[in-house]
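Right, one structure below, let's go through it.
Protein chains get the first letters and strands the later ones, always in sequence-line order, with residue 1 at the start of each.
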Amino acid sequence: MASILDINRPAGIVRWHFFQMSVANILVLVATLALFALVRALPFERLWRRGSPARPWTYFCALAALALLIVLMVSGLILAVNGSAWWHDSNLGLFVNSVHLWAVELFFALMVINLAGQLFTGAWRDGGTRLWLTGALGFLVAIPTALTGYIAQQNFDAQWIAIEARDGLNAIGAGAFFNTTDFGQMYTYHTLVLPFALALLVTAHVLLVRARPVTALLGSNAHASVPVVASATPPAAGGAHL
Amino acid sequence: VVALLTLILAVLLSSPDAKSSTIREWSRQQPVGFLKTVVYELGGSSGTAEYGPPYNHASEGQHAAFFSPQKWAGVSHPIDTAKDLVIDPLRANAGPELQAEISVYARVPLSSKEDALNNAEATLLGYQAGSRQRLSPLDSDGSLAVWPGEYKDLNQILAALLPLAQSGGLERSLLESHGRHSSDFTKPLLLMADGGWLQRRAKAEHLPSRQWAMMNETGSYPGLPWLWPYALLYQIEPFKSSANADLLVWLVMAALALAFVCVPLIARLRPRSIPRPSVAGGRWPRPLPFR
């Protein structure tokens, strides 16, 4: 499926002293900040009849990221089942690959907003350590998961990113088992090993969120927590976070 | 909503899919540059030949004081550039006469071939500089008649390798050197990277911008913008001018990642001498303008 807007022309680069970044990458970073401002401004707490989570905006970012993870897994499964080369020659394949790409960009933006929200509101306090650990580790595992996806594309982008990424990995000795120029190995990491680890961490994270009440906000007098889903869970003593 | 947004972006903007670079395309478009790279591979002076682990022992790799993980990991993907990138693939496709020439060349120690290789390099550089403008260094009969007869074996190796590369045979042989069903593109990619072919195309696509390059994709598509803190470190001292920049940047990022994961534990290390805030019922004050 051809795109409606053609952005296949070489990208513009913004250069300022040592700063050099493509306009497209800058736009994604700016869009992430704009999304951050938007979710802070929207009255998410009104969606609850009573007792919304302490940070409804991060809760919604996390939910949206979870929805995108499902989109990523479904689109990734379609791409993998049809073979690694399918999307190069099929309009439907290109469309599914495009969904996969844009879901990744949005997924990272939402994850960053969620993590920033949790970090700067101190949501890791009062027994929220395990929840923070699963979230933070999930973010760190998502980075190589995405990197291996870009390298497993089997096109010039993949060749270029593989060559650019190998020096850093070789410098820390990881080249012995993580060879970016080996397509087969990168494809296995991307479709099996890393998604499995990510799915485990996300599942643990979601279960912990469901099992524990939220941590009170910084500066809040009411340290007693409020339930994640107000209608189902009664308020409990002690804090956790969301 | 976000799934719908993803679908809209996919329909509106699609995704990049620039065709892979190949040795076939490179050797056809830049035969002189290709042969020059082959000469460097034969002489052991290419980027891969001098890389060190995980390809060879030519250097110890990067280190920070006593910390040398690249050296400790060892040579996991051994590559002898002359043998693996040139001689072996040529042998796999050579007739008896060329096999004999290759055997003669392979028997001679590298030190005895330096004169021939230097001569070949100088001649090819002369072509590139435009002193002898030709599209191909091959004569009409297919021979590479640019060196004196004393370098006959090298001459024949290069003359045979160019058409092999131009037919796509070299790429196939490099790939199949890992096994008939291999999907390990390490050798063809390293050869193209050594020759600057990937970099040349990346430049045309506006991809390389020093160490920011890993974030980029072709066209005006975003790549991996969340790697910007990693890419940023390469632009500042002491990383920028360090020969061990990759390792140092990774160490800093590893420390930051560890601190990020251990935020709850680090917070518990607050010295007792720092008084606990008295506002908000003895709990933490509101230090930041978030809810």
- Message: Tell me which of these, B:Asp184, B:Leu251, B:Leu198, has more heavy-atom pairs under 4.5 Å with chain A than the rest.
- Response: B:Asp184
- Message: Is B:Leu232 close to chain A through its backbone or its side chain, or both, or neither, when contacts mean heavy atoms under 4.5 Å?
- Response: side chain
- Query: For the side chain of A:Trp132 and the backbone of B:Phe260, is there at least one donor-acceptor N/O pair under 3.5 Å apart?
  - Reply: yes
- Task: Kindly indicate whether the side chain of A:Ile172, heavy atoms from C-beta on, has any atom under 4.5 Å from the side chain of B:Met253.
- Result: no
- B:Pro264 and A:Leu133, any side-chain heavy atoms less than 4.5 Å apart: no
- Message: Which one wins on heavy-atom pair count under 4.5 Å against chain A: B:Val75, B:Leu247, B:Val263?
- Response: B:Val263
- Item | chain A interface, residue from B:His178, B:Arg201, B:His77 that has the most non-hydrogen pairs under 4.5 Å | B:Arg201
- Task: Search all heavy atoms of A:Ala64 against all heavy atoms of B:Val2 and return the closest pair with its distance.
- Result: O-CG2, 3.6 Å
- Whatever's closer than 4.5 Å to a heavy atom in chain B on A:Val99 counts as both
- Task: Would you please go through residues 55-67 of chain B and name the residues with a non-hydrogen atom below 4.5 Å from one of chain A, in numerical order?
- Result: B:Tyr55, B:Gln62
- Could you state the interatomic distance from CG (B:Leu13) to CH2 (A:Trp102), rounded to the nearest 0.5 Å? 5.0 Å
- From CG (A:Asn25) to OG (B:Ser220), nearest 0.5 Å: 10.5 Å
- Task: Just give me the residue among B:Met192, B:Glu217, B:Lys19 that pairs up with chain A most often, heavy atom to heavy atom, under 4.5 Å.
- Result: B:Glu217
- Measure A:Leu101 against the heavy atoms of chain B and call it side chain, backbone, both or neither at under 4.5 Å. side chain
- Message: So, taking the atom named CD in B:Gln235 and the one named NE2 in A:His17, what distance separates them when rounded to the nearest 0.5 Å?
- Response: 13.5 Å
- For A:Tyr150, is it the side chain, the backbone, both or neither that has a heavy atom under 4.5 Å from a heavy atom of chain B? side chain
- Can you tell me if A:Thr181 uses its side chain to pair, donor with acceptor, with the backbone of B:Phe185 under 3.5 Å? no
- Query: Can you check whether A:Glu105 reaches B:Trp226 side chain to side chain, under 4.5 Å on heavy atoms?
  - Reply: yes
- Message: Taking B:Pro54's backbone N and O only, do any of them form a donor-acceptor pair with A:Asn170's side chain (distance below 3.5 Å, no angle check)?
- Response: no
- Message: Please evaluate residues A:Asn155 and B:Thr218 with respect to the criterion side-chain contact (heavy atoms from CB on, under 4.5 Å), reporting the C-alpha separation (whole Å), side-chain torsions for both, the decisive distance (0.1 Å), and the verdict.
- Response: CA-CA 10 Å; A:Asn155 56 18; B:Thr218 51; over 6 Å; no
- Message: Measuring only between side-chain heavy atoms, which start at C-beta, is A:Asp167 closer than 4.5 Å to B:Tyr51?
- Response: yes
- Message: Please classify the contact between A:Leu27 and chain B as side chain, backbone, both or neither, with a heavy-atom cut-off of under 4.5 Å.
- Response: neither
- Message: What's the separation between atom OG in B:Ser15 and atom CH2 in A:Trp87, rounded to the nearest 0.5 Å?
- Response: 5.0 Å
- Message: Please give me the minimum heavy-atom distance between A:Asp182 and B:Ser183, naming the atom from each residue.
- Response: OD1-O, 3.6 Å
- Item | A:Phe107 portion near chain B, given a 4.5 angstrom heavy-atom threshold | neither
- Message: Below 4.5 Å, heavy-atom pairs only: which of B:Ser76, B:Gly223, B:Pro16, B:Gly74 has the largest tally toward chain A?
- Response: B:Gly223
- Taking every non-hydrogen atom, the tightest pair across A:Phe156 and B:Glu205: CE2-CG, 4.5 Å
- Task: Please determine, among A:Gly168, A:Ala67, A:Gly175, A:Gly184, the option with the most heavy-atom pairs under 4.5 Å with chain B.
- Result: A:Gly168
- Side chain, backbone, both or neither: which part of B:Ala193 has an atom under 4.5 Å from a heavy atom of chain A? side chain
- Message: With heavy-atom distances below 4.5 Å as the criterion, would you say the side chains of A:Leu106 and B:Leu9 are in contact?
- Response: yes
- How many angstroms lie between atom OG1 of B:Thr186 and atom CG of A:Asn179, to the nearest 0.5 angstrom? 4.0 Å
- Task: Identify which part of B:Thr6 has an atom lying under 4.5 Å from any heavy atom of chain A, answering side chain, backbone, both or neither.
- Result: both
- Query: For the candidates A:Leu137, A:Thr129, A:Val71, which exhibits the highest count of non-hydrogen atom pairs separated by less than 4.5 Å from chain B?
  - Reply: A:Thr129
- Item | Straight-line distance of A:Phe108 CZ to B:Leu227 CG, nearest 0.5 Å | 8.0 Å
- Query: Who among B:Ala73, B:Ala3, B:Ala18 has the most heavy-atom pairs with chain A under 4.5 Å?
  - Reply: B:Ala18
- Query: Tell me, which pairs form a salt bridge (charged side-chain N to carboxylate O under 4.0 Å, His left out) where one or both residues lie in residues 133-147 of chain A, sequence neighbours left out?
  - Reply: none
- Item | chain B contact via A:Leu169 - which portion, at a heavy-atom distance below 4.5 Å | both
- Item | Residue part contacting chain A, namely of B:Ala254, when any heavy atom lies under 4.5 Å | neither
- Query: When you look at CH2 of B:Trp228, are more than 12 heavy atoms from neighbouring residues, nucleotides or ligands closer to it than 6.0 Å?
  - Reply: no
- Message: Can a donor-acceptor pair be found, under 3.5 Å and without considering hydrogens, that links the side chain of A:Gln159 to the backbone of B:Ser21?
- Response: yes
